[in-house]
Every structure is written in structure tokens, then in C-alpha cells.
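Below is one structure, written out as C-alpha cells; comments come after it.
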There are 2 protein chains.
Amino acid sequence: MSGEREVSERLSMEDILIEASLENRARAQGIKMTAQRAVVCSVLDGIDDHPDALQIHDKARQIDPRIALATVYRTMRLLEDRDLIKSHNFGDGRSRYEDGLKDEHGHLINSDTGEVIEFHDAEFENLKKRIAKRLGYDVTGHRLELYGKPLG
Amino acid sequence: MSGEREVSERLSMEDILIEASLENRARAQGIKMTAQRAVVCSVLDGIDDHPDALQIHDKARQIDPRIALATVYRTMRLLEDRDLIKSHNFGDGRSRYEDGLKDEHGHLINSDTGEVIEFHDAEFENLKKRIAKRLGYDVTGHRLELYGKPLG
DNA sequence: ATACCTGCAAAACCTTTGCACAGTT
DNA sequence: AACTGTGCAAAGGTTTTGCAGGTAT
């Protein structure tokens, strides 16, 4: 999704992890990196999208045809438990996954086509904290989807 | 959920429909009201919650034991197509339903307990329109979930 | 050797559908 | 009679799991 960036000695460990591949971030979290998991991670790194398990499996099999769908699901659960990816439900039956280190953002779904557009909004980031506080809570995350149709 | 309110002749047709039971609103939409559908509607009217299909089916069978789960699903789809109810996905596999005439609102989910708290926020209603417009869209709906933990 | 991971197939789970029958107009 | 709605059971789609074999430490 983003080009490689030279790692200078000025970067903190945290910076390095944020810039690192999903595979390396998973390693940094202590996840044992098997060949299959590395393939799944590389597939996720190569997609700037919201793929479902089947799409991930298909791409993974292009790299290593022996990977089982069950392994994809098991890996997704592992990564999600460590907050390395997030899973979404956009209304159809299946789960769709995306990188968990992206800034928190919203999704605008085109009701006509199903196309998903990501957006970020600072005002909303602020607002959600105020809403939660009003209700006596501390926000740990959000899920914001707008459904709409293209203007005239 | 709310007590009965006397219907004065000053209320418009729209007011009456908003105050009416789900069953009557469905009738007003031209849906043929069978015994089973009436039972399902009454169950939905009696719950101020976000039940899934199985919970609705259970309550419905307490009133009429012959109602099939398939009928519940078929009725939910019918009501959803007419925008009389809305369906949500809170992360587990199943769909959960709620009255569609409630003001659009958000859900705050307690990450510890799974408890769902509804909230309404005028500022957000405003903000979502501006966000969509910025992206070239007209909002037709939204889904807003905040996840959080109770304050200290 | 021990512990964990994987593939495969079967199971589990939620939801939809085919079909024959019942209910209504 | 035509039409629609229903119950039941079967099928569908997605995700999980049991188990036997594989891999790594």
C-alpha cells in the first residue's frame, strides 16, 4: 500500500513497527511465523482493500497452493486477537478484513454499487470521545459506516 | 416501550402512523396482515432491545407455538424491505433487529459486557451529511457503533 | 519428545429456499 | 380456482473444529 521508506536511526522502535510489514509486526507481537502465515500476511499487505476470507485464500494459493481455507481463518483470528487486523461486516454475510494499524476511519458505502470508500474525519474523532464521555464511557474503538448515493 | 397516547384530531396522519403499533404501520404500508405476522409484530413492539431471529421466534411461539423460524425470517425481510425495521450486525454471526421508525441513533457497546446502549446525537447527524457531501454523496443511512469501557 | 501448526473433512451455525398444504378472496 | 402465506425439511453460505499427520524446537 505504501512505498518502502528508508529506516534511519532516528526512528523509534514504535515507528519501525508502524512502518513494518504485517509479517514483521506479527513477529514483533510474538506470533510464530510459519510459511503459511507469512503468505497470508504478504497477501494482506499487498491489498489496499477489504477482502473476505475467500479472496485472501485465493491470492494465498497463487503463492502456495497448499494453504487451506481453515488456515486463513485461523490466521485471521490470530491477527485480530492481537489487533493487527480488523474485521468488518458490511451487511452481506461474510467478514471482511483490513489492516489494523491504519488510522481509525469510516467507510462510505455506495448503496447502488456496494463500493467502499474510506474516509477520515478529525471532527468525528473528537465527537465520538465526547459522546462516549457523556454516557460514562471511554472509547476504545468505533465503527462508522455511511450509506449513500452519488450526488446528482 | 412507550405508553399509549390519546390520539387527538389534531394529529396528522403521519403522527398517527409514527405512534401506531408496528402491526398497524405494516398494514398502512399495504402488507397483508396474517395471524403469524401479527404475532411477530407484537413481539417486536414489546421488545425495546435488539433481538435476533431466534429470540423473536421463541417469544412468538409463546403466543402461537406453530410459528416457524422460516416465517420469522420471511417477515423480517418483508418489514426491512419496507423500512419498518432495521437489521444490525454487532460482530457475532447473527442479525439483530430493531424498530425502523426510531430516530436514527448510534450504539455504544460495552466491550466488557457486550451491553448495548443507544444514543442520539444531533451534531453527528449534521456531521455525517457534511462528510458524505465532501465525498460527493448523499447520505441515505448510517451505522455508528462506539466501543468503550466504563469510566474509572 | 513435546508442543504447536496444518490440511482435510465434517460439523456448526445462521439464513434461505423448494415444495406441498392451508387460508383467503 | 387463483393466489399468497406457511410449515417443514433440505440446502446454502460462512466459519469453526476434530483429528491425524507434519514441523519445529
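Fair warning: this is a prediction, and the values are worked out from it, not measured in the lab. Each chain gets a letter, A, B and so on, in the order its sequence line appears, and its residues count up from 1. Side-chain atoms are counted along with the backbone in the values below, which use heavy atoms only and exclude waters and symmetry mates.
K86(A) and D99(A) are not joined by a salt bridge, as no carboxylate oxygen comes within less than 4.0 angstrom of a charged side-chain nitrogen. Between R27(B) and E23(B) there is a salt bridge, with a side-chain nitrogen of the basic residue lying less than 4.0 Å from a carboxylate oxygen of the acidic one.
To the nearest 0.5 Å, atoms CD (E118(B)) and CG (D49(B)) are separated by 9.0 Å.
Taking 4.0 angstrom as the limit, Y73(A) places none of its side-chain polar atoms (N or O) nearer than this to OP1 or OP2 of dT16(D). Contact annotation: R77(B) side-chain N/O to dT17(C) OP1/OP2 distance is under 4.0 Å. Side-chain nitrogen and oxygen atoms of R66(A) include none within less than 4.0 Å of the OP1 or OP2 phosphate oxygen of dG22(D).
Distance, R61(A) CZ to dT6(C) P: 16 Å, rounded to whole Å. The distance between atom NE2 of H57(A) and atom C1' of dG13(D), rounded to the nearest whole Å, is 16 Å. Atom CZ of R74(A) is separated from atom P of dC8(C) by 11 Å (rounded to the nearest Å). In this structure, CZ of F90(B) is placed 17 Å from P of dC14(C), rounded to the nearest angstrom. With rounding to whole Å, L78(A) atom CG is found 16 Å from dT17(D) atom C1'. In this structure, the CG atom of D92(A) is 12 Å from the P atom of dT16(C), given to the nearest Å. In this structure, CG of L54(B) is placed 14 Å from P of dT16(C), rounded to the nearest angstrom. Rounding to whole angstrom units, CE of residue M76(A) and P of dT16(D) are separated by 11 Å.
When distances run from any side-chain atom of L69(A) to the nucleotides dG7(D), dT16(D), dT15(D), the shortest one goes to dT15(D). Checking dT15(D), dC8(D), dC14(C) against the side-chain heavy atoms of A70(B) singles out dC8(D) as nearest. With distances taken from any side-chain atom of I67(A) to the nucleotides dC14(C), dG7(C), dG7(D), the minimum falls on dG7(C). Side-chain atoms of T71(A) lie closest to dT6(C) of the nucleotides dT14(D), dT6(C), dT17(C). Nearest nucleotide to the R94(A) side chain, out of dT15(D), dC8(D), dT15(C): dT15(D).
Annotation: side chain of L144(A) is not in contact with side chain of K128(B) (no heavy-atom distance under 4.5 Å).
Remark: the backbone N or O of R37(A) is not paired with any side-chain donor or acceptor of T75(A) at under 3.5 angstrom.
Scored by the side-chain contact (heavy atoms from CB on, under 4.5 Å) test, Q62(B) finds no partners at all (sequence neighbours excluded).
Listed in residue order, the members of residues 31-40 of chain A having a heavy atom less than 4.0 Å from DNA chain C are K32(A), T34(A), Q36(A), R37(A).
Between H88(A) and the options R96(A), R143(A), H50(A), a side chain to side chain donor-acceptor pair (under 3.5 Å) holds for only R143(A).
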